Structure formats: C-alpha cells, structure tokens
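Some notes on the structure that comes next.
Note on naming: letters A, B, ... go to the chains in the order of the sequence lines (proteins, then strands), and numbering restarts at 1 for each one. Keep in mind that what you see is a predicted model, and the values were worked out from it rather than measured. Scope of the values below: all heavy atoms of this structure, side chains included, with no hydrogens, waters or symmetry mates.
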Amino acid sequence: MDRTSNFMPTPDQSVLDVQPLRTLAPMFPAPLGVNTFNLTNTTPPLVFVTSAGQFPGGFGAPGHPAFRSFAAAFGAQDAYGGQPASSRGQDAGGGQATAFADKYAANGATNPGATADCPIDATPISAYRSTPPTIIPLDDDDDDNEHLAGNQTSASGRKIKRPSHLSGYKMSGGFGSDDSNVVKAKRHRSSYRKAGADNEFTLVPLSSSNPREVVEEVLMTFEALRRRYLQVDQAQESSKRPDLKVGAMMMARNLRANIGKRIGVVPGIEIGDIFYFRMELCIIGLHSPTMAGIDYMTHTFGDKDDDSVAICIVAAGVYENEDDATDTLVYSGSGGSSKNNEEMHDQKLERGNLALQTSLLRKNVIRVVRGFKDPGCLGGKVYMYDGLYKIHESWKERTKTGIQCFKYKLLREPGQPEGMSIWKMSQKWVENPATRGRVLHPDLSSGAENLPVCLVNDINSEKGPGLFTYITQVKYPKPLSSMKPLQGCSCLNACLPTDTDCGCAKFNGANLPYSSTGLLVCRKNRLYECGESCQCSVNCRNRVTQKGVRVHFEIFRTGNRGWGLRSWDPIRAGSFICEYVGEVIDDGKSNLDDGEDDYLFQTVCPGEKTLKWNCGPELMGEQSMNNSDDTFEPLPIKISAKRKGNISRFMNHSCSPNAFWQPVQFDHGDDGHPHIMFFALKHIPPMTELTYDYGEIGTDSGGIGSPGAKSCLCGSSNCRGYFC
DNA sequence: GCCGCATCAGCTGA
DNA sequence: CTCAGCTGATGCGG
C-alpha cells in the first residue's frame, strides 16, 4: 500500500508485458435512460437500464438519431483506448462514433477492432469495436416504449418518479411456497409493458450512470437476493434453487441490463469478468438461455436478408473438449444426448446447430463464455467471458457413444484483452508456484499463512517493499486473556440455520451470517463468529475468518501506486479475503504522527455502496434486523501495519473498490476492538488488484480529518477525488 | 474424503 | 402451449 502515490490510468503501461492488469473498471459517461428502483426513502436509488431506455424500441434504421446517440455513447471509446472519458471532449467522440455507425449501417458485417496498439491492460472491452447491437424491435408501440424512448433522447426533460410502494420485492407468504410467487412474477412480466401506470421502477436520468455500473448493480442485486433467499430457505429447510428464483424475479421486474439480443460486444461487460450462475449471464444480457449453450437470434443482413445466427455460446467443457489452447475452441453442437431413458440419436441441423452453421457462412462474431471448475469450491463452477470469436470451420463427427455430432471450430478475434489465458496462467502458478516468473520472494509470510504469499515485480527493478515484520494475528496492547470474553452458543457439533436456539445466530440478528459455503450474506455493523466458548466444533459454518486466508495472493508492483495485492484464484462475492493485521493502537495514547502512518487502518465511513453492501433484507422489503446496521458507527480501533502487518497492508484505495471491511469478533468480547476482516464486494477475477474504500474525509473520520487526505485519481466515474 | 453418476426440480425462449 | 437445454443441488456407490 502506498498511500502517498495516486492512481491514474496512464495510456502507456505497455511495460506490463506479461500480466495484463485487470485494475479499475474503465468508466465512461453515457447519457442513458435508466430505470431506478428505489429501495427505501433513505437509500440512494439502484439504477437499471431498461430495455427501451438503453436501446429505444424500433430504432433499427441506420442513421436514426437514436442510433447515432447510442453510437456516441458506446462507440466513443474506440479511438481512445482506456483513457478516462473525462479527459476528452465528448463531441469528438460523437463524431467518430457517427462515422462508425454509418460505416456499419450498410450491412451487419462485423469488424473486430484494431486495438492491439493500445496498452492491453487499459483497454476495456468497450473499446473493442464490434457490430452495432442489433435489437429485436418490440412488436408493438405501447406506452412504455414511447416512454422510454423519450427518456433516452431528451437529456433534460426527464422526470423522476418516486416508487409508489416497495412491495415489489416483497414476496407474499414468506419464502416457503414458491410456486405462487413464480406464477405471479410471470403474470407481472406478461403485463409489464401494458401496465405502465403502476410500475415501481421509475425512469431516472442519472448522467453519472454507465453500462459498467449498471451491470455491476444488477449482479450485486442478484447475489444479494440469492444469498438472502438461501439464508431464509435454509432456515425453513426448503432450499431449492435460489438462483432461479431470484433470476425469475429480476427478469419479471426488468431488473436487468442489456435487454434485447445483439451481436458482438455487450456494454458494461468486460473480457475476464467471472460469474457463478448461468442466470447471471442471463440478467446482464450476455447469454439469454438459462441452460442451453447456444444463444442465437434473427439478424437482418444487407437490406432484407434475414438469418438466424449464433451470438453467444457457453463452453462448459461438458462435451469432451480437451483443448488447452487459449485462442481456439472446438464446440460441439447440441442435442443427441439421452434423457429419460430415451436412446441417443444423431444431432440435427436445427436451432442452435443451424445458427452456428449460418454463422460460419455469415462470419459474424460470437461471444464466448468459458466454464471451469471453481478451484475454491468443490463441485462448483465458474464462468468467464472470453470475448469475441468467429467460426472458421465445421464438420460432423461420430462420438464415442456412436452418434453423429456437429463440431464447430472457433478462433478468437485478435486484438482483444486477455481473458481465459490469464486464468490458465494463474491456475498454473497455483499448481506450481515455481512457474511464476519475476518472483522476488516465494513467500513473504515465511509459512505463517495457510498459503504462500508471493512477491513479484513485473514492472521495474525494485526489490520489494520497505522492511516490516510479517505477522498473522493482530497485536493488542493488552493480552487477550484480560479482555472481556465473548459469550458462546451451546450448539453441538455445528450451528445450523434451522436451530432457532443458537446463541451465536441470535447475536447476529436471528440468522447465521454465512452461507454453508462460507459466503457472507450481507454486511453488518458487527458480526460474531463462534469461538472458544462455543460448544460447536471447528467445522461449524460460523467460523470463517478465524481459519485464515484461502486464496493464493501475490504482492505485485503496480504502475504508479507502489505495491498492491491481487489473487491467483478467482474470488467470489462475499468470500472472506484477509484480515487487517497490525498493532492495535491504544485509545489512550494520542498519536500525533497518525497522518504520517501510511499503514494506519481506521473505521472511516466507506462509500454508501460499501456500507450498504447486499442488504438483502431491505431488498426484499423486510425491515432491517438491526437498526444500527442502517447507520455507520465508527469504532475506536486503530490498527497500524507500519512495522508489523500482513498482506492487507498492501491493499490500495479505490473509489470503486472490490473489497470491503467488516468488524468480526470471535476471540474476545471487546466491542470497541473487533477484528477487521475484508470480504469480496463482487466477483473478482484472477489477477485483478484488490482494493477497498479507505473512506470519506469529513464523515466520522475519528478526528483525523483532512490533514491526512490524499488526492485520488482512480478514474472511476464516481471518484471522490481524494481519500484518507 | 473425493470422484463420477443419476436424479430431480427448474426457467426461459423458440 | 410444449419442450429442449453445455443447470445446480443432492445423494449414493465405488
């Protein structure tokens, strides 16, 4: 962590020859019509792009003003690589984009961008040129369409409607009986367009919104609701696919991004993004079928030449593709597999298979999502968006089971940021750390952590961070034994969500705070894990952070922010990352040199997004379990990792962070000095720098205030400009 | 304890 | 309306 240096993306980071950094999300302004769903009166609105809001219905004609405005919004990146959009005039971008739109208006031919000259680490996928999105026009011009289209084009005349009620998320009859809810949701969906009057989702033109944020918002909402459903369902012993339930709910409410199929790039989705459910791909508009591997659509080529072409495939490795290459893919057609004792049959050239065949002729780009085994979760699966491919050949093949099967060979379009190759590379390092080059030290923790902490420098000749002592446990000024003990539970073996008598569950507001796989359900002002005074065993699910780190970390040299922290493993949203370890500074002692300690942790109020992370109860219309969770409550604790610390001292600040801190207690009852534990705010792909929000100046900064302020140029659209 | 396999309840879009 | 489909959770046997 180097708090004195600022982060500003520079276009010249090509020195990063080996590891493209997936650092902060490139942001660019996009004046969009957006839907806002207001959760509570005190919560800032969540923002979602509506179907027609982002892509007005029926604008198909080239040169249409709406098209032009779309292209201006999304095409403007083309000439500028990953530079922050704010650093250039929007007019220039618009002009460029208009030309781009006209160029592709003639036909639907695709054109992979020539962005290879851009620094690969800073090139957002949105900078990669593609076909303008093709929208299936809505079949009728109902109220909503006009509504939304109007919002899209008028920048000033947009009106903000308050939601009339919050019952949208509230599921009637608890969470046990699901069928009624689903049916209800479907009914809502089918009547959605007509029922413009009573929609809870209002149209708010937030100029600060951009596709990336919309996508993240949608995903965060999905995860929040899914985990909350899981929590509630498990307590009622009726756990059945919360992913599908929440997906259906969000689809019905139009709480989704990028509605409408398209060829090529999907705004707000970047190469390397990872997902844990097929439903996630669905609600962000990347791949619409919930199970099928081939997504396809009818596209008009030339003037009136309609064809059904493939637009996205999920290669989950189900059909025996042992291909290690990172830029080619042999995909098997669908069908033929047996189910319900039916015998296997040859695949037919229909539906998805036919669309793939047509795509071979039409040469359109196809998005590829790759599925992997999740190294962090047994039996789990991760999906990674790997960018645009084209089909180069196809053939028929007889499989081991004796049926005819279609095969399609896809090649990755050149000039795109790295996707799966990063995954393969980092997984290789996990298996054999010796294959990681540029290593300065194989394990900074010298065996103290569960897994080695690698120190690397791909950038320059610096040999490492300044001297400090690596410790894995917080140093309190007084011995633990002298601190107030924590009351435990009397559960036998392990605490279970169905056990309403578990004392620890009660401490946490009636529910166990973690899912069965150890994911935090939602942020709380305080979290109590089971500890020594509990009867339960170490296998209890309410013991997560005390078991230490679970992913392979590396400390790496950043371009301009000193040293940083990242992981070789993917990190799922809600996962425990690490503890802020250091020396706890006694409250009594005044520390005049606080401002000079770049490694001082204080509970400064983080951004609203972090603070309200996945407040599942509120999302579902429930009252918060604990009123104090609604407000930020600074703690007296101060931890200095200047002389002694662990990996977390290297975590840099970002105004768009991917991690947050959470007070956790398990070994003592001193509420003023909890452990500070970091959790993943969202899914974090391998090799992405881990960052958290250092906090806002002026809001409960514990007396430290502005003297310690450092200016921040993190480049995110919501950058506050400084941090402390 | 770990794997592969079978089973089953699901949901969307064609 | 029906149904396919590179799901995801669970349970069993090797």
Side-chain angles (χ1 to χ4, degrees), chain A residues 136 139 177-179 181-190 192 222 226 229-230 233-234 237-252 254 256 259-261 275-298 306 308-323 329-342 344-345 347-348 350-356 366-375 377-384 386 399 401 405-408 410 515-517 539 572:
Chain A
I136 299 175
D139 40 16
S177 68
D178 43 356
D179 281 356
N181 293 330
V182 173
V183 172
K184 200 172 165 187
K186 276 190 172 160
R187 207 177 299 138
H188 189 113
R189 176 178 63 160
S190 55
Y192 175 73
F222 175 85
R226 192 191 66 82
Y229 257 80
L230 196 62
D233 280 357
Q234 282 184 350
E237 286 184 290
S238 66
S239 172
K240 276 180 192 167
R241 300 298 300 267
D243 57 316
L244 294 184
K245 269 191 211 169
V246 171
M249 199 167 89
M250 292 180 70
M251 298 283 271
N254 256 8
R256 52 199 286 203
I259 297 174
K261 296 193 178 194
F275 310 94
Y276 288 81
F277 290 93
R278 285 290 300 269
M279 199 50 100
E280 290 179 294
L281 310 180
C282 196
I283 56 173
I284 58 170
L286 184 59
H287 185 93
S288 44
T290 48
M291 294 187 192
I294 308 165
D295 196 4
Y296 55 100
M297 68 178 286
T298 303
D306 279 8
S308 181
V309 292
I311 55 175
C312 185
I313 58 171
V314 176
V318 178
Y319 283 75
E320 62 189 57
N321 287 320
E322 63 282 337
D323 208 335
L329 169 68
V330 175
Y331 192 79
S332 304
S334 73
S337 53
S338 65
K339 55 158 200 173
N340 297 339
N341 295 330
E342 280 175 32
M344 315 246 315
H345 56 270
Q347 292 186 347
K348 296 180 185 131
E350 57 183 24
R351 302 165 193 256
N353 297 349
L354 182 58
L356 284 168
I366 296 172
R367 297 185 293 274
V368 169
V369 178
R370 305 250 198 177
F372 306 91
K373 274 184 189 157
D374 181 359
C377 173
L378 287 169
K381 206 179 240 183
V382 193
Y383 298 98
M384 175 181 268
D386 195 33
T399 62
T401 49
C405 170
F406 293 103
K407 296 277 184 181
Y408 303 88
L410 293 95
S515 76
S516 57
T517 51
N539 294 322
R572 189 170 176 173

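Distance from the side chain of A:Arg241 is smallest for C:dT7 among the nucleotides B:dG13, C:dT7, B:dC11. Checked against C:dG5, C:dG8, B:dG13, the side chain of A:Phe277 finds its nearest nucleotide in C:dG8. Taking only side-chain atoms of A:Leu244, from C-beta outward, the nucleotide of B:dC11, C:dG8, B:dG13 with the closest atom is B:dC11. Closest to the side chain of A:Ala248, from the set B:dC11, C:dG8, B:dG13, is B:dC11. Checked against B:dC11, C:dG5, C:dA9, the side chain of A:Arg351 finds its nearest nucleotide in C:dG5. Listed nucleotides B:dT12, B:dA14, C:dC6 differ in distance to A:Tyr296; the shortest reach to its side chain belongs to B:dA14. Closest to the side chain of A:Ser332, out of C:dG8, C:dC6, B:dT12, is C:dC6.
B:dA14 atom P lies 9 Å from atom CD1 of A:Ile311, rounded to whole Å. In this structure, CG of A:Leu286 is placed 16 Å from C1' of B:dG13, rounded to the nearest angstrom. Note: CG (A:Asp243) to C1' (C:dG8) measures 6 Å, nearest angstrom. Between the CD atom of A:Glu280 and the P atom of B:dT12 there is a distance of 15 Å, rounded to whole Å. Taking atom CG of residue A:Leu281 and atom P of nucleotide B:dG13, one finds them 13 Å apart after rounding to whole Å. Rounded to whole Å, atom C1' of C:dC3 lies 12 Å from atom CD of A:Glu350.
Among the protein residues, A:Leu378 comes within range of the sugar-phosphate backbone only, with heavy atoms under 4.0 Å from sugar or phosphate atoms but none that close to a base. Within 4.0 Å (heavy atoms only), A:Ser334 reaches sugar-phosphate atoms of the nucleic acid but no base atom. If you check every strand for non-hydrogen atoms under 4.0 Å, A:Gly335 touches sugar and phosphate atoms only.
With DNA chain B read from its 5' end, the first of the two nearest nucleotides for A:Lys373 and A:Cys282 is the one closest to A:Lys373.
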Side chain to side chain contact (heavy atoms under 4.5 Å, CB included) between A:Phe222 and A:Asp243, worked out: CA-CA 8 Å; A:Phe222 175 85; A:Asp243 57 316; 4.0 Å; yes
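Qualifying side chain to side chain contact (heavy atoms under 4.5 Å, CB included) partners for A:Ala355, counting only residues two or more places apart in sequence or in other chains: A:Tyr296, A:Ser308, A:Ala310. Residues passing the salt bridge (Lys or Arg N to Asp or Glu O under 4.0 Å) test with A:Asp295, sequence neighbours excluded: A:Lys261. With sequence neighbours left out, A:Asp306 forms a side chain to side chain donor-acceptor pair (under 3.5 Å) with A:Thr300. With sequence neighbours excluded, no residue satisfies side chain to side chain donor-acceptor pair (under 3.5 Å) with A:Ser516. Evaluation of the side chain to side chain contact (heavy atoms under 4.5 Å, CB included) rule for A:Cys282 yields A:Met251, A:Met279, A:Thr290 as partners, not counting sequence neighbours.
For the pair A:Tyr383 and C:dC6, the ring geometry does not qualify as stacking, because the centroid separation below 5.5 Å and plane angle under 30° are not jointly satisfied.
Side-chain N/O atoms of A:Lys240 include none lying less than 4.0 angstrom from OP1 or OP2 on C:dA9. Contact between the side-chain N/O atoms of A:Tyr408 and the OP1/OP2 oxygens of C:dC6 is not found at any separation under 4.0 Å.
Secondary-structure stems of DNA chain C, taken as three or more successive Watson-Crick or G-U wobble pairs (i with j, i+1 with j-1) under a 3.5 Å distance threshold, comprise B:2-9 with C:7-14, B:11-14 with C:2-5.
Atom CD1 of A:Ile259 is separated from atom CG of A:Asn254 by 4.0 Å, given to the nearest 0.5 angstrom.
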